[in-house]
Amino acid sequence: MGERNEVSWNSIIAAYGMHGLLDECVSLFHRMLESGLLPDHVTFLAIISACCHAGEIDQGIQYFYSMKDNYRILPRMEHYACIVDLFGRAGRLEQAFKTIKGMPFTPDAGVWGTLLGACRVHSNVELAEIASRCLFDLDPENSGYYVLLSNVHAGAGQWSGVHRVRHLMKEKGLQKVRGHSWIEVDNRTHIFVSADNSHPQSEEIYSVLDILLQERRSLCSSTCLSKE
């Protein structure tokens, strides 16, 4: 490029980060500095996010504080969400919670949702209850948060908690949103849900599905016989 600015550097740094290439991401960051351009909040969001996906906790924290201490860029909500995700992925949920409590502004649903998702992965019922209460206040109509909390209780074998959450959903008239699958064919997007018959080619689709399932069963049977 004849001229590189913050946008071009941020774009390529973010691209490398999205594909898990943290070393290249960091190298580009330093090349950006050497070119005489200063990073902005987008630059640090890209790098901290890359550290998060690469599991480099200490490095991510280092860039978070460098943003404030070295470049006087105040972290925004999305930076804190990245740090919460960083700790959450590593199972350091207490540190994630302390990060939220130490934020200079009120956490939004995205931040609490990140913590709740980490609690689901690491089976932390106590923090899941705290996060979900905040989420129910911020976004009471989102059934996904109730389902996540129910799954945390189920994972811990606390079935009374599962029944309590389901009863709460019923009281509020909330229903679990059905999962959708989609595929693009000839520039057209086709959307499906479980046991869906609304597609105009549903008979053909299920016919092909039956053939595939029969072939799979036949293959499994052949494999079992060969092992015997």
Side-chain angles (χ1 to χ4, degrees), residues 10 13-22 25-26 39-68 73-156 158 161-162 164-165 168-169 172 174 176-177 179-180:
N10 287 343
I13 289 171
Y16 274 97
M18 288 176 187
H19 290 279
L21 302 171
L22 179 59
C25 183
V26 171
D40 57 14
H41 68 281
V42 177
T43 316
F44 282 102
L45 183 61
I47 294 180
I48 297 171
S49 179
C51 291
C52 179
H53 291 290
E56 294 292 339
I57 301 172
D58 293 334
Q59 197 170 358
I61 296 297
Q62 178 185 341
Y63 279 110
F64 179 76
Y65 284 111
S66 174
M67 175 174 57
K68 297 189 295 181
I73 301 173
L74 294 178
R76 302 184 181 186
M77 188 77 72
E78 51 267 33
H79 297 101
Y80 280 99
C82 270
I83 295 299
V84 171
D85 193 23
L86 191 72
F87 283 130
R89 287 171 183 263
R92 293 160 61 172
L93 300 183
E94 289 295 339
Q95 286 176 282
F97 182 55
K98 287 180 181 178
T99 299
I100 294 175
K101 298 300 289 182
M103 290 172 59
F105 33 70
T106 303
D108 64 5
V111 173
W112 285 115
T114 300
L115 178 62
L116 181 58
C119 291
R120 166 70 179 89
V121 173
H122 298 285
S123 303
N124 190 315
V125 178
E126 182 181 354
L127 282 181
E129 285 284 353
I130 294 173
S132 61
R133 283 198 295 270
C134 295
L135 286 166
F136 296 163
D137 289 338
L138 290 168
D139 192 3
E141 302 302 317
N142 191 326
S143 63
Y145 299 138
Y146 294 84
V147 174
L148 259 179
L149 179 60
S150 176
N151 290 340
V152 174
H153 281 290
Q158 298 182 359
V162 174
R164 176 176 58 81
V165 176
L168 189 59
M169 287 182 68
K172 293 179 175 292
L174 300 175
K176 181 179 178 180
V177 178
H180 289 72

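- In Gln158, the CD atom is crowded: over 12 heavy atoms of neighbouring residues, nucleotides or ligands sit closer than 6.0 Å.
- When all heavy atoms are compared, the tightest approach of Ala50 to Gly17 is CB-CA, 3.6 Å.
- Looking at Ile13 and Ile47, their side chains come closer than 4.5 Å, going by heavy atoms from C-beta outward.
- Rounding to the nearest 0.5 Å gives a distance of 14.5 Å between CZ of Arg120 and CG of Leu115.
- The line from CG of Leu93 to OG1 of Thr99 is 11.0 Å long, rounded to the nearest 0.5 Å.
- In this structure, the side chain of His79 engages the main chain of Arg76 through a donor-acceptor pair within 3.5 Å.
- Applying the side chain to side chain donor-acceptor pair (under 3.5 Å) test to pairs two or more places apart or on separate chains, those with a residue in residues 47-62 are His53-Arg89.
- Atom OG1 in Thr114 sits 7.5 Å away from atom CD1 in Ile100 (nearest 0.5 Å).
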Note to self: Show, in sequence, the C-alpha distance, side-chain angles and deciding distance for Glu94 and Leu127, and conclude whether the side-chain contact (heavy atoms from CB on, under 4.5 Å) test is met.
What the structure shows: CA-CA 8 Å; Glu94 289 295 339; Leu127 282 181; 4.1 Å; yes
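- Shortest non-hydrogen contact noted between Val125 and Ala156 is CG2-CB, 3.7 Å.
- Here the shortest heavy-atom pairing between Pro107 and Leu138 reads O-CD1, 3.8 Å.
- The heavy-atom pair separating Phe64 from Ile48 by the smallest distance is CA-CD1, 3.8 Å.
- The shortest side-chain heavy-atom distance between Ile83 and Leu86 falls under the 4.5 Å cut-off.
- Inter-residue side-chain proximity for Ser132 and Leu148 is flagged as unmet; no heavy-atom pair is nearer than 4.5 Å.
- Nearest heavy-atom pair across Leu22 and Ala54 is CD2-CB, 3.8 Å.
- Interatomic distance, SG of Cys52 versus CZ of Phe87, reported as 10.5 Å (0.5 Å rounding).
- A ring-ring contact (aromatic ring centres under 6.0 Å, His included) check over residues 105-128, counting only residues at least two apart or in different chains, returns the pairs Tyr80-Phe105.
- One finds the CD1 atom of Ile73 at 12.5 Å from the NZ atom of Lys68 (value rounded to the nearest 0.5 Å).
- The environment of Met77 atom CE is dense: over 12 non-hydrogen atoms of other residues, nucleotides or ligands sit within 6.0 angstrom.
- The 12-atom threshold is not exceeded at NZ of Lys98, counting heavy atoms of other residues, nucleotides or ligands nearer than 6.0 Å.
- The side-chain heavy atoms of Tyr146 and Phe136, taken from C-beta on, include a pair separated by under 4.5 Å.
- In this structure a side-chain-to-backbone donor-acceptor pair under 3.5 Å is missing from Asn151 to Ala154.
- For the atom pair CG of Asp108 and CE of Met103, the computed distance is 6.5 Å after rounding to the nearest 0.5 Å.
- The shortest non-hydrogen separation linking Ala118 to Gly88 is CB-CA, 3.7 Å.
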